[in-house]
Asker: 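Here it is, the structure in full.
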Amino acid sequence: MPSTASSVRPTAGDFVRCPVNLATMEGANQSARTAVGALLKADGHPAPAPEVHALYQPEELRRLKEVDAALYRQGRAHILDTPAPWTTAPGDGRVTAPG
């Protein structure tokens with residue numbers, strides 16, 4: 001096994017800043033690509049770094065993200081973190097609407 005002069009020990013997973021900031025398989029893949037690129041660079045290897053892809057951000061969700069960021073800055077709950085508008089009927093497990 002060849003030895004390397006590199007002392008860099010990049011970490012992959014949730015510890016790597018990459019364009020996909022999600023705890024998903026896509027985020028893990030992009031994180032691994034970023035870590036491999038750091039290893040190749042630190043080792044002086046001539047291979048090109050793996051391509052790291054940005055997460056697709058649909059324009060339709062832009063306003064919802066702005067509202068979420070504003071609520072977070074105000075210390076308020078996310079709009080979907082409210083109590084559910086239904087309740088479970090005691091004893092029988094049936095779901096009933098309020099009122």
Asker: Using the salt bridge (charged side-chain N to carboxylate O under 4.0 Å, His left out) criterion, which residues pair with Glu60? Sequence neighbours excluded.
Answerer: none
Asker: Distance check, rounded to the nearest 0.5 Å: His53 atom NE2 versus Asn29 atom CG?
Answerer: 7.5 Å
Asker: Do you know which of Pro46, Pro48, Pro50 makes side chain to side chain contact (heavy atoms under 4.5 Å, CB included) with Leu40?
Answerer: Pro50
Asker: For residues 67-76, which side-chain donor-acceptor pairs fall under 3.5 Å, sequence neighbours excluded?
Answerer:
unit_1	atom_1	unit_2	atom_2	d
Gln74	OE1	Arg76	NH1	2.8

Asker: Are Gln57 and Leu55 side-chain neighbours, meaning at least one heavy-atom pair lies under 4.5 Å?
Answerer: yes
Asker: For Glu51, what residues pass the side-chain hydrogen bond (donor to acceptor under 3.5 Å, both in side chains) criterion, not counting sequence neighbours?
Answerer: none
Asker: Could you measure the distance from the CG atom of Leu64 to the CZ atom of Arg62? Nearest 0.5 Å is fine.
Answerer: 10.0 Å
Asker: Is any side-chain heavy atom of Glu26 less than 4.5 Å from a side-chain heavy atom of Gln30?
Answerer: no
Asker: How close do Gly37 and Ala49 get, counting heavy atoms only, and between which atoms?
Answerer: CA-CB, 4.0 Å
